[in-house]
Number of protein chains: 2
Amino acid sequence: MNYEEAKIKFVSTWGSLGSLWGINKAMAQIQALLFISIKPLSMEDIMAELQISRGNTSMNLRQLMDWGIVTKELIPGERKEYFTTEKDVQELTRIIAKERSRREIQPVIKVLNELSSIKDDGTDKTKELIKQTKALHDLTLNADTMINKLVNQKQNWITKSLIKLIK
Amino acid sequence: MNYEEAKIKFVSTWGSLGSLWGINKAMAQIQALLFISIKPLSMEDIMAELQISRGNTSMNLRQLMDWGIVTKELIPGERKEYFTTEKDVQELTRIIAKERSRREIQPVIKVLNELSSIKDDGTDKTKELIKQTKALHDLTLNADTMINKLVNQKQNWITKSLIKLIK
DNA sequence: ATAAACTTTCAATAATTATTGAAAGTTTAA
DNA sequence: TTAAACTTTCAATAATTATTGAAAGTTTAT
């Protein structure tokens with residue numbers, strides 16, 4: 001397999017994977033492209049490589065910046081904006097985990113909290129709803145705590161401990 | 001908040017959450033409904049509660065059974081089929097983690113392996129692609145190992161150790 | 001102040017994904 | 001074996017989500 005083939009495969013795989021876990025295809029492909037690029041890319045570069053429109057590129061770059069995965073790079077003397085992505089997979093994992101906690105886990109915790117105000121009327125079905133809501137609440141809180149600890153631990157000692165623990 | 005309100009909120013929240021991580025809305029809602037039900041439900045029950053068609057209900061129940069989250073329950077004397085879901089959140093987590101590893105992580109590992117056959121032509125861009133592919137490969141393997149260890153450990157000592165470790 | 005170089009926005013459209021409902025299929029009881 | 005009770009399948013349709021492209025917006029150089 002030569003470079004071009006491998007690049008296309010890498011980018012498209014990352015793209016379809018991304019859409020699987022809630023990031024759209026173009027967004028994931030842009031990130032993939034930047035991830036294996038040895039220099040910052042301009043909007044033109046990205047449009048040309050991925051064969052997508054200017055609007056699409058602009059919007060998805062913005063989203064990637066919102067996630068904190070991609071940053072603008074200003075090259076002196078150049079008018080165009082250039083973009084790079086976080087290159088360290090560990091750091092990338094941390095950023096993604098943090099954002100997903102914020103965007104997905106937090107809202108669930110919020111709703112589960114709201115549900116705790118259900119009035120216990122003594123019926124079995126209400127008891128079951130309360131019980132299961134509570135079980136889910138505990139689980140979600142634990143998961144979130146784990147993610148946050150991981151995320152706030154730059155040195156990543158947890159991962160190391162984990163791997164040792166697990167092997 | 002009374003029982004009906006809470007039930008609706010629980011089911012619809014679970015539904016939208018589900019769609020966020022790659023399970024469709026109806027599928028997630030059916031699971032949610034079963035999760036808080038004190039007795040097995042028939043297709044009719046589910047259709048009525050969620051206001052969805054017979055076809056939709058049938059297909060999504062099948063998917064839930066494929067995932068191993070929902071099981072058929074035959075009630076003696078009854079012609080209809082009844083359904084229940086795994087009620088223990090820990091066990092539910094294990095099943096979901098396992099399936100997601102199989103469906104999502106394994107295919108990525110496969111592609112990353114294929115990419116390892118790229119020919120190193122000595123250029124910087126090829127070196128970068130190789131390096132980043134390898135980094136991702138290692139990360140993915142580690143993540144998958146963690147998930148599998150978790151999953152094969154019914155007693156769930158890992159979670160307990162983790163929580164201790166993390167606190 | 002003007003124009004060139006560039007980016008963003010957003011209504012229209014395309015692509016994808018979910019849902020319906022009725023016909024076909026299956027199982028059970030008599 | 002027949003018919004009633006039930007489930008599955010799948011082509012048609014609806015709903016959602018992504019993408020385009022051109023107009024509007026912004027920045028920089030002169």
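Lettering of chains follows the sequences in order, A, B, ..., and the numbering in each one begins at 1.
For DNA chain C, each stem of at least three Watson-Crick or G-U pairs (distances under 3.5 Å) is given as range with range: C:1-30 with D:1-30.
A donor-acceptor distance shorter than 3.5 angstrom exists from the side chain of K87(A) to the backbone of F35(A), with no hydrogens or angles considered. No donor-acceptor distance shorter than 3.5 angstrom exists from the side chain of S58(A) to the backbone of R54(A), with no hydrogens or angles considered. Remark: side-chain polar atoms of D45(A) are paired, donor with acceptor, to backbone N or O of S42(A) under 3.5 angstrom. Under the 3.5 Å distance criterion, the side-chain polar atoms of T57(B) are left unmatched by any main-chain donor or acceptor of M43(B).
Among all heavy-atom pairs drawn from I95(A) and G68(A), the shortest one is CD1-O, 3.5 Å.
Atom CZ of R62(A) is surrounded by 12 or fewer heavy atoms from other residues, nucleotides or ligands within 6.0 Å.
Heavy-atom distances to DNA chain C give each of R79(A) and M59(A) a nearest nucleotide, and the one nearer the 5′ end belongs to R79(A).
You can see that DNA chain D meets the heavy atoms of chain A within a 4.0 Å-exclusive cut from dA18(D) to dT28(D), reading 5' to 3'.
Within the 4.0 angstrom heavy-atom criterion, only backbone atoms of the sugar-phosphate kind lie near N24(B); the bases stay farther away. At a threshold of 4.0 angstrom between heavy atoms, the contacts of R62(A) are confined to the sugar-phosphate backbone, with no base atom among them.
When side chains are defined from C-beta on, S101(A) counts as touching N148(A), because their heavy atoms get closer than 4.5 Å. I30(A) has its side chain within reach of I52(A): a pair of non-hydrogen atoms, C-beta onward, lies under 4.5 Å apart.
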